[in-house]
Colleague: 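Let me give you the structure first, and then I'll get to my questions.
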Number of protein chains: 2
Amino acid sequence: MASLLEGQARPIRLADIAKAAGVSHGTASNVFSRPEIVRAEVRERVKAVAEQMGYAGPDPKGRLLRAGKVNAIGVATTEPLSYFFDDPFARVMMAGISEACDATGAGIALVSAANQEKLAWNIQSALVDGFVLFCIEGGSRLVDLTRERRLPFVALELGFQDETVSAIGVDNVAGARLAARHLAELGHRRFAVLSLGFADNRTGFVTPEVVRSAVYTGTRDRLAGYFEELSRFGIDTAKIPVYETENEEKSTRAGLQAIFASGEPPTAILAMSDRMALIAIDWLRGRGLNVPGDVSIVGFDGVPDGALSTPPLTTIAQPITEIGRRAARMILDHDGAVRRETMGVEFVVRGSTGPAPKA
Amino acid sequence: MASLLEGQARPIRLADIAKAAGVSHGTASNVFSRPEIVRAEVRERVKAVAEQMGYAGPDPKGRLLRAGKVNAIGVATTEPLSYFFDDPFARVMMAGISEACDATGAGIALVSAANQEKLAWNIQSALVDGFVLFCIEGGSRLVDLTRERRLPFVALELGFQDETVSAIGVDNVAGARLAARHLAELGHRRFAVLSLGFADNRTGFVTPEVVRSAVYTGTRDRLAGYFEELSRFGIDTAKIPVYETENEEKSTRAGLQAIFASGEPPTAILAMSDRMALIAIDWLRGRGLNVPGDVSIVGFDGVPDGALSTPPLTTIAQPITEIGRRAARMILDHDGAVRRETMGVEFVVRGSTGPAPKA
DNA sequence: AGCAGGATTTGAATCGATCCAACAAAAATG
DNA sequence: CATTTTTGTTGGATCGATTCAAATCCTGCT
């Protein structure tokens, strides 16, 4: 009864049970953290007292401060938390991260924030040993914020100019070239590009100026890959409309609208993400256009959904899970070095591409 | 240069910069946590020193101990971490939890473990203010473990006998009855049940004995609901095969195999989860059976995938997101009370059910 | 100059553990 | 029986911050 009341008043500390059991706090600590070094008799007595007083076991908060290591990695993004469970790309990536964490017993803390101040605070106060950053919108700010924590971190997905941060990405140029070559070889000559962001918070048709001043070099590289390859086929890339979206429904549909508003609609779409590609398939169907009969589409990423769409999506598959695993491991066995890894991509031909329609 | 070297040696503490700036640590602390109460001049000086010495800002580890609150909730399961990103039910649930957390700025820590010892340790050492428990396999152990932390927690999904723990669930009996009635009204008379677990780690056909000693009352209630309703239609429920699976591919397929091995195969399947229902649809197709022509199927849960299958799944939809939101909020604004909430379910008729085949 | 009263600063106490050098007791060894 | 070794226990130091009562500094006013 007394113990119940006390429990209500304030949680029982290790020191309390040490006193009650008549041992030093050092010994009491050992009872829980290294039971084998304390005499059986004492151990049992202390445990009994702890049990009887309703002690919850050593508080991780206290342990943490002493130990220094949290044994958890933070995964951060500027999207809302639900992004981790909604977005197919994120989900596969998280599966990879989870695997690595499971293997070492580390935990995962999800960090995010709707607004900028909260983001800053959340990054600053996250109890983690390091961060994996999902660099979508506002990625550069995320990197800056994280750098201030002076914890190890890895930037994912989109490349940055900044060579001083660890990052894992894919060979964007090579992937983009594969996609472009495939379409060109199928006879396509009129192209459009659904592009990821070049800088934060802009959408719409892209000018050479925008490309030149790209913050996200991943986007720039993919575009460069597309163009390089298409040039080889004698295609005038300057005429290709490149529409920058926010990689979601609204802006992607707006882009398609804009692209197909022209007199000479494309017969092939190069999408820098599967998400956009999938939206495009849906949009085109809604317009009565056949994929790949009228328009061929190649995505980028290789998310599982792509295999299930109608038609299934031809795409450039990134080793997403593997990227996640490596990113997590980079943090888990961090050695202070800055690493930049580039993974290969795989070309997956499915049903969303076909010969150019005879015009 | 010097600062760099020192940085390598050991991280700079608040006390270090306090000394360097010639102020007390109290003031130094205020510079970061309540800048408005320190004189502008001092504030700037301290900040400058901090900047120059490469101070990473107040370490959350230290702050945490003092503050007592972590501002994060743990979500725990006995499944591997990737479960959170793979399983459709879990994903929708997490979306709800995320929403509630986003709203209050709380973080989410994912807790799991392959083996039992790790589970115990992970639960014991998670830095959280409370837990949301996904009670799948081994749920009772998870509850016991969590109880020892003496932190607020809520059990999800499957009911327990134990009335002393907070829990959110759905009206399993009502939902099951809706499903059963629907099929009975369509003229079905030969049924089979794909069941969730009654106790940990068993699969196979279920005997009355198993039902009586059920650990998971949610499973028991769903079965009771099915049977109650079918009885009303004069169906002999004692003859209905009930196969308990682990709610994944292998055991579910084994169950279907076993069920359809009999001379009088069912024309209707009551699945206690959409996952099993979806697997069943696939298995039946593989066997050349038409759904719903030959066999009708009703799921339970209402996961988004169910709407996309061929045929789309008729199911009992739980308000999954809402359950997640409430669970998170129960932890976030915990008041010490034990709460048990039962949510209503919604019957969603789609394409996997039809009239019983003639014959 | 003297003083009230607000604005700042200080420094000790606290949060809850773990670590470790030193010591004590018991057991083994010569 | 003296000496070493082994085994267990102790209590102070530490992890890195925040808090708060008390001390100090200003400012304006009489």
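Order of the sequence lines fixes the chain letters, A, B, ..., with proteins taken first and strands second; residue numbering starts at 1 for each chain.
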Colleague: Could you give the start and end, 5' to 3', of the contact zone on DNA chain D for chain A, using atoms under 4.0 Å from its heavy atoms?
Modeller: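 Using the under 4.0 Å cut-off, the span is D/dG8 to D/dG16.
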Colleague: Within the side chain of B/Thr27, is there an N or O that forms a donor-acceptor pair under 3.5 Å with the backbone of B/Val23?
Modeller: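 Checked: no pair found.
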Colleague: Between B/Lys61 and A/Gly68, is there a donor-acceptor pair closer than 3.5 Å when you use the side chain of the first and the backbone of the second?
Modeller: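 Such a contact is found between B/Lys61 side chain and A/Gly68 backbone.
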Colleague: Go through the structure and list residues passing side-chain hydrogen bond (donor to acceptor under 3.5 Å, both in side chains) with B/Glu341, not counting sequence neighbours.
Modeller: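 So B/Glu341 forms a side-chain hydrogen bond (donor to acceptor under 3.5 Å, both in side chains) with B/Arg326.
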Colleague: Using a cut-off of 4.0 Å on non-hydrogen atoms, how would the nucleic acid contact of B/Gly26 be classed: base, sugar-phosphate, or nothing?
Modeller: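 Base, at least one base heavy atom under 4.0 Å.
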Colleague: Among pairs that include at least one residue of residues 19-51 of chain A, which meet ring-ring contact (aromatic ring centres under 6.0 Å, His included), considering only residues two or more places apart or in two chains?
Modeller: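 Pairs touching residues 19-51 of chain A that pass the test: A/Phe32-A/Tyr55.
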Colleague: Only one of A/Asn122, A/Thr77, A/Leu81 passes side chain to side chain contact (heavy atoms under 4.5 Å, CB included) with A/Leu110; say which it is.
Modeller: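 Considering A/Asn122, A/Thr77, A/Leu81, a side chain to side chain contact (heavy atoms under 4.5 Å, CB included) with A/Leu110 is found only for A/Leu81.
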Colleague: Nearest-nucleotide wise, let me know which of A/Ile37 and A/His25 is further upstream toward the 5' end of DNA chain D.
Modeller: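 This one resolves to A/Ile37.
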Colleague: Do B/Phe85 and A/Phe85 have ring centres separated by under 6.0 Å?
Modeller: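 Here the rings of A/Phe85 and B/Phe85 have centres that are less than 6.0 Å from each other.
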Colleague: Within the 4.0 Å heavy-atom criterion, would you say A/Ser33 contacts the bases, only the backbone, or no part of the nucleic acid?
Modeller: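 Sugar-phosphate, backbone atoms only, no base.
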Colleague: Does the distance from a Lys or Arg side-chain N to an Asp or Glu carboxylate O, for B/Arg147 and B/Asp144, drop under 4.0 Å?
Modeller: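 Salt bridge: yes.
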Colleague: Using five pairs at each end of the helix from C/dA1-D/dT30 to C/dG30-D/dC1 to define an axis, what is the angle between those two axes, to 10°?
Modeller: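 Inter-axis angle at the ends, rounded: 50°.
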Colleague: Please figure out whether A/Leu14 or B/Val42 has its closest DNA chain C nucleotide nearer the 5' end.
Modeller: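 Closest to the 5' end, via its nearest nucleotide, is B/Val42.
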Colleague: To the nearest 0.5 Å, how far apart are OG in B/Ser125 and CG in A/Asp59?
Modeller: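 One finds 11.0 Å between OG of B/Ser125 and CG of A/Asp59.
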Colleague: Got a sec, which residues hit side-chain hydrogen bond (donor to acceptor under 3.5 Å, both in side chains) with B/Arg13, two or more places apart in sequence or on another chain?
Modeller: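 Once residues adjacent in sequence are excluded, the partners of B/Arg13 under the side-chain hydrogen bond (donor to acceptor under 3.5 Å, both in side chains) criterion are B/Asp16.
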Colleague: Taking 5' to 3' order, which nucleotide of DNA chain C is first and which is last to have an atom within less than 4.0 Å of a heavy atom in chain B?
Modeller: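 First-to-last contact on DNA chain C, by the 4.0 Å heavy-atom rule, is C/dT8 to C/dG16.
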Colleague: Of all heavy-atom pairs between A/Val70 and A/Leu127, which one has the smallest distance, and what is that distance?
Modeller: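 For A/Val70 and A/Leu127, the tightest heavy-atom pair comes out as CG1-O, 3.2 Å.
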Colleague: Between A/Val23 and B/Lys61, just flag the one whose closest nucleotide in DNA chain D comes earlier from the 5' side.
Modeller: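 On the 5' side of the pair lies A/Val23.
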Colleague: Would you check if there is a donor-acceptor pair between the side chains of A/Arg149 and A/Gln124 at a distance under 3.5 Å?
Modeller: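 No, no side-chain donor-acceptor contact under 3.5 Å.
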